[in-house]
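Report on the following structure.
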Amino acid sequence: MVTKTATAERLLIGGSWVRSRGESYPLYNPYDGSELAHIPMATPEEVEDAVRAASEAFAVTEVTPAHERARRLNATADFIARDREVLGRTIAAEAGKALKYALAEADRGEQTFRFAAEEAKRIQGETVPMDAGRGAENRMGFWIRVPKGPVAAISPFNFPLNLVAHKVAPALAAGNSVVLKPASATPLTAFHLGRLLVEAGFPAGSVNILTGKGSVVGDALVSDSRIAVVSFTGSPAVGRGILARAGLKRVILELGSNSAVVVAADADFAKVFPAVVNAAYANSGQVCLSVQRLYVHQSRWREFVERFLAATEALVVGDPLDPATDVGPMISQAEAERAESWIEEAVQAGAQVLVGGTRKGAVVQPTVLVGVRPEMKVMCREVFAPVVSLVPFTDLDEAFGMVNDSPYGLQAGIFTESLDTAFAAVRALRVGGIMVNDTSNYRVDHMPYGGVKGSGLGREGPHFAVEEMTDLKMVVLNL
Ligand code: NAP
């Protein structure tokens with residue numbers, strides 16, 4: 001919870017809120033620079049304590065009945081709903097997310113826990129027709145799913161509640177224990193969730209929360225042989241490093257993208273607007289699914305650009321805690337300066353800014369670029385800022401080719417009234433999810449979610465995350 005006086009936060013290890021023996025760092029509100037809290041930087045001994053606590057607690061969690069795991073997950077969801085306002089304001093204060101989106105994230109976090117509670121009750125196996133193999137006629141066989149072991153959950157700053165929920169809730173649903181390392185920029189929401197998990201009755205050591213530098217605390221977790229699963233959401237560079245160091249454990253990587261949306265000649269603009277505008281600028285474009293590249297059929301170009309610019313200019317930019325705000329600051333001034341330099345670089349190489357393009361502190365004005373080329377950073381890398389590039393096309397195959405011309409492949413969107421065109425996109429686009437008459441940014445929390453190519457490995461969504469976090473155990477009866 002955010003207080004007027006900065007609080008000294010504690011680590012959650014083995015069921016106790018522990019005052020760290022290490023240093024701490026000040027956490028600031030990225031919009032007004034006010035100090036929110038002092039955050040501990042876990043020492044190597046505290047990382048060891050947390051991993052040991054999670055390993056010992058696994059002996060308890062793996063035998064906890066499904067109905068009890070589900071009850072606790074549902075209780076956590078109840079508490080998230082009860083604390084919606086506090087959670088929303090905490091997210092807005094530490095992440096700079098506009099309050100309306102922060103409250104929506106609290107609602108999604110509640111739902112993610114409920115989906116996980118339901119999954120806890122349907123972790124099923126299957127029989128195997130053993131007699132299909134010669135010589136196995138008298139065998140009966142079936143497989144069951146068992147929890148894999150302690151999960152290291154490493155989360156990014158942009159969804160401080162729901163992306164933590166997508167790791168912690170399925171891990172607990174599956175009967176695992178967890179060590180959570182939230183992003184250094186957004187630990188307060190994670191600590192609040194930790195208090196709710198304790199209140200919901202999860203046993204000591206089943207959920208541990210460590211803060212501190214990812215390159216120290218995160219790295220120590222990833223390299224520890226007692227950790228069975230690393231569930232990471234974050235940048236592609238860090239994800240690649242984790243995969244290289246993790247060794248023999250399950251690694252789930254939800255990484256970035258430079259997501260694209262195609263607006264076909266027959267698109268219904270009542271469906272296109274305001275969806276594309278919200279999907280480009282929500283959370284200042286700091287969403288892995290943000291619309292970054294918009295390919296618009298030449299026949300609709302003028303009308304589209306006119307409406308897109310008008311809607312962009314109408315956005316309210318400012319204090320994230322003001323309920324009227326649409327777009328708040330980016331996570332830091334350094335990140336905003338990085339985005340500004342990418343815009344400048346594109347302009348120097350021939351792009352034009354139609355609206356926005358300016359920065360004040362950590363706030364980047366929603367920006368529309370045209371005249372871009374594929375090799376510009378704003379096109380080929382993940383911009384992760386309120387910056388969108390509009391590109392006209394004449395031929396659908398050409399548009400699909402441009403969408404696929406990316407090292408990433410998380411989700412893509414297409415607006416069309418034709419089923420043929422929709423299915424052509426489904427066939428052609430190399431992504432983890434295709435949204436027809438929605439943007440790349442569309443997600444419901446129980447669907448399988450994840451990318452191909454440089455966007456990662458594995459899938460989230462509680463049902464799919466539970467699969468990733470369990471092992472198959474085969475049983476054969478010789479009768
Ligand atoms: P990040 O810098 O990669 O950090 C993510 C997490 O990894 C943080 O907790 C970070 O800790 C930790 N970390 C950093 N270095 C580490 C290391 N060497 N070993 C282990 N952990 C380490 O990402 P971010 O800036 O927070 O988030 C933005 C990125 O996340 C974007 O690329 C975005 O596309 C991606 N993302 C993807 C999805 C998806 O579902 N596909 C969803 C949301 C965001 P510190 O904070 O202490 O550095």
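Treat the numbers as computed from the prediction; the structure is a model and nothing was measured. Just follow the structure's listing: the first ligand is 1, and inside any ligand the first atom is 1.
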Flag [X] as yes when one of its N or O atoms lies below 3.5 Å from any N or O atom of ligand 1, and as no otherwise.
X      : value
Ser184 : yes
Leu255 : yes
Ser155 : yes
Lys213 : no
Phe157 : yes

Would you mind running through ligand 1 and noting each atom that sits below 4.0 Å from a heavy atom of [X]?
X      : value
Asn158 : 43 (C), 44 (C)
Leu410 : 41 (N)
Val238 : 3 (O), 13 (N), 14 (C), 15 (N), 16 (C), 17 (C), 22 (C)
Gly218 : 19 (N), 20 (C), 21 (N)
Asp219 : 19 (N), 20 (C)
Thr233 : 5 (C), 36 (N), 37 (C), 38 (C), 39 (C), 40 (O), 42 (C), 43 (C), 44 (C)
Gly256 : 34 (O)
Arg245 : 17 (C), 18 (N), 19 (N)

[Y] side chain reached by [X] side chain, heavy atoms, under 4.5 Å:
X      : Y      : answer
Glu85  : Leu103 : yes
Leu457 : Leu243 : yes
Glu460 : Lys167 : yes

How long is the span from the CD1 atom in Ile343 to the OG1 atom in Thr358, to the nearest 0.5 Å?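 Going from the CD1 atom of Ile343 to the OG1 atom of Thr358 covers 8.0 Å.
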Going from CZ on Phe273 to CZ on Phe415, what distance comes out if it is rounded to the nearest 0.5 angstrom?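 It comes to 9.0 Å.
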Does [X] reach ligand 1, in the sense of a heavy atom lying below 4.0 Å from it?
X      : value
Ser215 : yes
Gly212 : yes
Pro236 : yes

What protein heavy atom sits nearest [atom], and how far away is it?
atom                    : result
atom 38 (C) of ligand 1 : Cys288 SG, 2.9 Å
atom 27 (O) of ligand 1 : Pro156 CB, 3.3 Å
atom 32 (O) of ligand 1 : Glu382 OE1, 2.7 Å
atom 48 (O) of ligand 1 : Gly214 N, 3.9 Å
atom 3 (O) of ligand 1  : Ser235 OG, 2.5 Å
atom 7 (O) of ligand 1  : Phe232 CE1, 3.2 Å
atom 28 (C) of ligand 1 : Phe384 CE2, 3.4 Å
atom 11 (O) of ligand 1 : Lys181 NZ, 2.9 Å

Below 4.0 angstrom, counting only protein heavy atoms, does anything approach atom 41 (N) of ligand 1?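 For atom 41 (N) of ligand 1 the answer is yes, since some protein heavy atom falls inside 4.0 Å.
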More than 12 non-hydrogen atoms from neighbouring residues, nucleotides or ligands closer than 6.0 Å to [atom1] on [X], yes or no?
X      : atom1 : value
Glu23  : CD    : no
Arg240 : CZ    : no
Arg19  : CZ    : no

Hey, is Glu110 close enough to Arg114 for a salt bridge, meaning N to O under 4.0 Å?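 Yes.
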Relative to ligand 1, is [X] under 4.0 angstrom through side chain, backbone, both or neither, heavy atoms considered?
X      : result
Pro182 : backbone
Ile154 : side chain
Arg443 : neither

Any idea how Tyr281 and Phe308 line up, ring-wise: parallel (<30°), tilted (30 to 60°), or perpendicular (>60°)?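 Taking Phe308 first and then Tyr281, their aromatic rings sit tilted (interplane angle of 30° to 60°).
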Is there a donor-acceptor contact under 3.5 Å from the side chain of Asn283 to the main chain of Gln286?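 Pair found, side chain donor or acceptor close to backbone of Gln286.
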Keeping Ser455 on the side-chain end and Leu255 on the backbone end, is there a donor-acceptor pair under 3.5 Å?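 Between the backbone of Leu255 and the side chain of Ser455 there is no qualifying donor-acceptor contact (under 3.5 Å).
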Applying the side-chain hydrogen bond (donor to acceptor under 3.5 Å, both in side chains) test to Ser20, which of His38, Arg10, Glu46 qualifies?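 Exactly one option meets the side-chain hydrogen bond (donor to acceptor under 3.5 Å, both in side chains) with Ser20, and it is Glu46.
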Measure from NZ or CZ of Lys148 to the centre of the six-membered ring of Phe58 and say whether it is under 6.0 Å with the direction within 45° of the ring axis.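 Verdict for Phe58: no cation-pi partner in Lys148.
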Let's go through Glu105 and Lys97 carefully: what are the C-alpha distance in whole Å and the side-chain angles of both, what is the deciding distance for salt bridge (charged side-chain N to carboxylate O under 4.0 Å, His left out) to 0.1 Å, and is it a yes or a no? CA-CA 10 Å; Glu105 182 179 344; Lys97 183 175 287 190; 2.7 Å; yes
Out of the candidates Ser184, Pro187, Ser24, only one should pair with Thr211 under the side chain to side chain contact (heavy atoms under 4.5 Å, CB included) rule; please name it.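 With Thr211 as partner, Ser184, Pro187, Ser24 yield a single side chain to side chain contact (heavy atoms under 4.5 Å, CB included), made by Pro187.
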